[in-house]
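Inspection log for the structure reproduced underneath, given as structure tokens.
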Number of protein chains: 2
Amino acid sequence: MSSTREAPCCELSASMEDYLKALVHLEAEGRAVTTGSIAHRVEVAPSSASAMLRRLRGAGLVEGSGGHEVVLTDHGRRHALRVVRRHRLVETFLAEILDVPWDEVHEEAERLEHALSPALEDRIATRLGEPSHDPHGDPIPPRDGEHDEAWPDPLDAAPTGGRFRVERVSDRDSDALRYLDELGVRPGVTVGVGERDPFGGPLWVEVAGRWCALGLPLARLVHGSVEHTEDAARVRRSR
Amino acid sequence: MSSTREAPCCELSASMEDYLKALVHLEAEGRAVTTGSIAHRVEVAPSSASAMLRRLRGAGLVEGSGGHEVVLTDHGRRHALRVVRRHRLVETFLAEILDVPWDEVHEEAERLEHALSPALEDRIATRLGEPSHDPHGDPIPPRDGEHDEAWPDPLDAAPTGGRFRVERVSDRDSDALRYLDELGVRPGVTVGVGERDPFGGPLWVEVAGRWCALGLPLARLVHGSVEHTEDAARVRRSR
DNA sequence: CCCGCGGGTTAGCCTCGCCTAACGACGATC
DNA sequence: GATCGTCGTTAGGCGAGGCTAACCCGCGGG
């Protein structure tokens with residue numbers, strides 16, 4: 001039972017797992033992976049992140065080489081992806097088996113992911129048929145092996161006039177999720193991309209025949225890929 | 001998100017929940033509820049239990065009045081039963097929905113019970129049809145209202161020659177559970193009570209037509225009630 | 001009557017994870 | 001080239017929850 005005398009590396013605290021997860025996410029979003037961005041992500045003072053990074057370095061999960069760059073070691077990445085896998089399996093499980101609405105599953109999974117044994121993780125995966133994506137369209141890392149966490153393009157960068165296939169929606173804002181769900185914007189849905197109003201105005205999209213205006217912050221939560229890639233390349237790199 | 005500024009009483013730490021659970025269990029088993037027995041139950045040094053009891057007293061969950069007796073307040077009992085409810089709901093859920101074998105559910109639930117939101121607790125209960133008992137036959141406390149945690153009689157006190165209906169099996173020893181399961185001793189099963197070998201020898205019971213010998217420690221894990229209560233009263237109080 | 005012993009508490013210490021405040025280093029700016 | 005933010009780290013604390021060692025109290029036995 002003691003948390004002290006375990007294998008020197010295999011039992012991570014819930015906090016450590018949260019930091020590892022944050023590292024994977026920042027990396028995947030292409031953001032800088034620095035003490036500050038990590039602190040912001042896990043909602044903690046920079047000094048706290050600094051201390052935790054020292055601990056993670058000590059555990060061989062992270063390499064910082066003393067400089068500014070923070071990089072997961074192979075070992076650290078394996079652990080981190082494991083946590084992400086558990087999180088997304090739980091989300092999928094809650095949505096499919098218990099009908100928890102997709103805007104609530106994230107918060108629940110945030111706590112449950114730390115309480116799942118490997119055996120239970122396997123059972124859930126099996127029960128769900130080894131799903132590849134969670135309810136938000138996030139890819140579920142495999143038990144072991146390669147995993148691509150990269151995000152498709154954001155909706156706000158899609159070319160006007162094109163069709164955009166929604167593949168993945170950020171799960172970090174529950175209210176936004178609920179709103180998008182009401183509008184019908186979900187992974188798997190294809191929407192029409194309309195005008196972008198000037199001066200930071202909304203982006204007009206057509207969902208199931210209805211036009212609606214999405215504020216930029218909202219549009220940026222929606223990711224996917226452009227269908228009929230005629231002349232899209234130019235617009236796509238407009239940011 | 002912060003664990004600091006919540007309602008001053010409503011969010012209990014996982015440790016506190018474990019202690020509250022221990023209190024309910026000791027009480028139900030008729031054992032003395034003292035610092036020592038609590039410490040033993042939560043596998044902690046007596047001094048640690050002492051400190052925690054001070055905290056629980058401070059939170060108005062426990063009354064000790066300074067003397068030796070440790071008693072749950074109404075408030076404390078409500079919280080404690082809530083934890084027990086979550087634990088047993090999780091056990092039932094794991095067994096029914098994920099086919100986790102009954103000797104494993106306890107350990108998993110031990111961690112998951114602290115990570116369940118009230119909403120999820122309700123969803124699980126609903127999904128399972130508001131079950132009244134978990135896989136070991138332990139009664140699940142209702143959402144609110146009265147609850148009887150008392151144990152039926154132990155098998156080792158059943159009168160020789162009678163029939164004994166198994167109602168509840170202690171979930172604390174996983175190996176024992178697995179063994180009992182192999183023998184066919186489960187809640188709902190009725191066994192025949194045979195001779196008790198002398199000098200602490202095993203108790204012979206007949207399960208589904210087969211006779212097997214249960215050591216006393218094992219027999220004491222099995223609880224239930226005597227069927228055909230002819231002349232049982234005498235034997236039942238023999239300890 | 002006193003002694004020993006079992007059980008509870010106190011004292012003192014540790015780790016983890018968080019905080020704020022102060023400090024230092026580095027790049028942009030004047 | 002001096003100055004000022006922006007970042008990161010260090011220093012110093014705090015609370016929760018553990019531990020060991022020492023102490024204290026009450027009770028049964030000699």
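Note on naming: letters A, B, ... go to the chains in the order of the sequence lines (proteins, then strands), and numbering restarts at 1 for each one.
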Tell me whether H25(B) at atom NE2 has more than 12 heavy atoms from other residues, nucleotides or ligands lying less than 6.0 Å away. yes
So if I apply the side chain to side chain donor-acceptor pair (under 3.5 Å) rule between E17(A) and each of R86(A), H79(A), H87(A), R82(A), which one comes out positive? R86(A)
In degrees rounded to 10°, what angle is found between the helical axes fit to the five outermost pairs at each end of the helix from dC1(C)-dG30(D) to dC30(C)-dG1(D)? 30°
What's the CE-P distance between M52(B) and dG18(D), to the nearest Å? 5 Å
Could you check which residues of residues 29-42 of chain A get a heavy atom under 4.0 Å from DNA chain D? Sort them by number, please. T34(A), T35(A), G36(A)
Gap between atoms CZ and P, on R55(A) and dC18(C) respectively (whole Å): 7 Å
Between E167(B) and H223(B), do the side chains contain an N or O donor and an N or O acceptor separated by less than 3.5 Å? no
Looking at residues at least two apart in the chain, or sitting in another chain, which of them share a side-chain contact (heavy atoms from CB on, under 4.5 Å) with A45(B)? S47(B), S48(B)
Look only at the side chain of S37(B) and the backbone of A32(B), and say whether a donor-acceptor pair between them is shorter than 3.5 Å. yes
Can you pull every protein N or O that's under 3.5 Å from an N or O on nucleotides 19-21 of chain D?
{"from": "dC19(D)", "atom 1": "OP2", "to": "A45(B)", "atom 2": "N", "distance (Å)": "2.7"}
{"from": "dC19(D)", "atom 1": "OP2", "to": "S48(B)", "atom 2": "OG", "distance (Å)": "2.6"}
{"from": "dT20(D)", "atom 1": "O4", "to": "S47(B)", "atom 2": "OG", "distance (Å)": "2.7"}

Aromatic ring pairing H136(A)/W102(A), orientation class (parallel under 30°, perpendicular over 60°, tilted between): parallel
Could you check how far CG of L12(B) sits from C1' of dG15(D), rounded to whole Å? 16 Å
Between dG7(C) (P) and E69(B) (CD): distance, integer Å: 17 Å
Do any N or O atoms from the side chain of R127(B) and from the backbone of I97(A) form a donor-acceptor pair under 3.5 angstrom? yes
Please identify each residue that fulfils side-chain hydrogen bond (donor to acceptor under 3.5 Å, both in side chains) with D175(B), with sequence neighbours left out. R178(B)
From CG of L56(B) over to P of dA16(D), roughly how many Å is that when rounded to an integer? 12 Å
From CG of L53(B) over to P of dG17(D), roughly how many Å is that when rounded to an integer? 13 Å
Rounded distance (Å) that lies between atom C1' of dG8(C) and atom CZ of R54(B): 11 Å
Between P of dT9(C) and CZ of R57(B), the distance in whole Å: 7 Å
OP1, OP2 of dG17(D) versus side-chain N and O of S13(B): anything below 4.0 Å? yes
Any chance the side chains of D18(B) and H114(B) put a donor and an acceptor closer than 3.5 Å? yes
Whether Y19(B) contacts dG18(D) is assessed here as follows: a side-chain N or O lying under 4.0 Å from the phosphate OP1 or OP2. Is that the case? yes
Those residues that, when tested against Y19(A), pass ring-ring contact (aromatic ring centres under 6.0 Å, His included) (two or more places apart): none
Tell me if a side-chain donor or acceptor on S50(A) pairs with a main-chain N or O of P46(A) at a distance below 3.5 Å. no
